[in-house]
Amino acid sequence: MSIFKEFREFVARGNVVDLAVGVIIGGAFGAIVKSLVDDVVMPPIGLATGGVDFSQMKIVLKAADPATKAAEVAIKYGTFINAVITFLIVAAVIFMIVKGINSLKREEEAAPAPPPGPSPSEALLAEIRDLLKKG
């Protein structure tokens, strides 16, 4: 079997396509969550903490030196705080989605199944019975 044919079969599998769609949707969802955190969640938190912008919080280990063009060396713990908040928001959203799906599944399982119809042999016997009653 040629490599091209094997590759085509690999790509044509449903799992690969589903994974690709998931990655693309996940990337788009990541942009939405980043905007939610940066533009909606962080401003009120910053206001509650006295107007502090977490993304600017850092511990400077060595200041930038324009004479030697040396960059600043700093521990940017504010960016880490933003990442933790983003993670918590994503985890909460995913939890709510999974919880909703699970409750829908429970409702389906709890719904009584319709009574089964007669089997083909039972239907045939009922038909024979009805014909014998007529005759």
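Just so we're clear, the structure is a prediction, and the values are computed from it rather than from any experiment.
- Taking every heavy atom of both residues into account, P118 and A123 meet most closely at CB-N, 4.3 Å.
- Between the side chains of T79 and N82, no donor-acceptor pair is found at a separation under 3.5 Å.
- Note that NZ of K76 and CD of Q56 are 8.5 Å apart. Values are rounded to the nearest 0.5 Å.
- The distance from atom CD1 of I25 to atom CD1 of I32, rounded to the nearest 0.5 Å, is 9.0 Å.
- Side chain of E9 to backbone of E6: no donor-acceptor contact under 3.5 angstrom is found.
- Transitive grouping of hydrophobic side chains (ILVMFWY, heavy atoms separated by less than 4.5 Å) keeps Y77 and L88 in distinct clusters.
- Residues I59 and V84 are members of separate hydrophobic clusters, defined by side-chain heavy-atom contacts under 4.5 angstrom among Ile, Leu, Val, Met, Phe, Trp and Tyr.
- Under a hydrophobic clustering in which Ile, Leu, Val, Met, Phe, Trp and Tyr are joined whenever their side-chain heavy atoms come within less than 4.5 Å, directly or via other members, F95 and F29 fall into different clusters.
- S103 places a side-chain N or O within donor-acceptor distance of the main-chain N or O of G100, the cut-off being under 3.5 Å.
- I81 and F87 fall into different hydrophobic clusters, where Ile, Leu, Val, Met, Phe, Trp and Tyr are joined by side-chain heavy atoms under 4.5 Å apart, directly or via other members.
- For the pair K58 and A74, the tightest heavy-atom approach, listed with the atom from each and the gap, is CD-CB, 4.0 Å.
- Side-chain contact check for D65 versus T68: some heavy-atom pair is nearer than 4.5 Å.
- In this structure, CG on L125 lies 5.5 Å from CD1 on I128, to the nearest 0.5 angstrom.
- L131 and L124 fall into different hydrophobic clusters, defined by Ile, Leu, Val, Met, Phe, Trp and Tyr side-chain heavy atoms under 4.5 Å apart, directly or through other members.
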> So L36 and I89, side chain to side chain contact (heavy atoms under 4.5 Å, CB included) or not? Walk me through it.
Replying inline: CA-CA 9 Å; L36 176 68; I89 290 171; 3.7 Å; yes

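- Atoms NZ and CG, from K134 and L132 in turn, are 11.5 Å apart once rounded to the nearest 0.5 Å.
- Taking 4.5 Å as the limit, some side-chain heavy atom of L61 sits within range of a side-chain heavy atom of I75.
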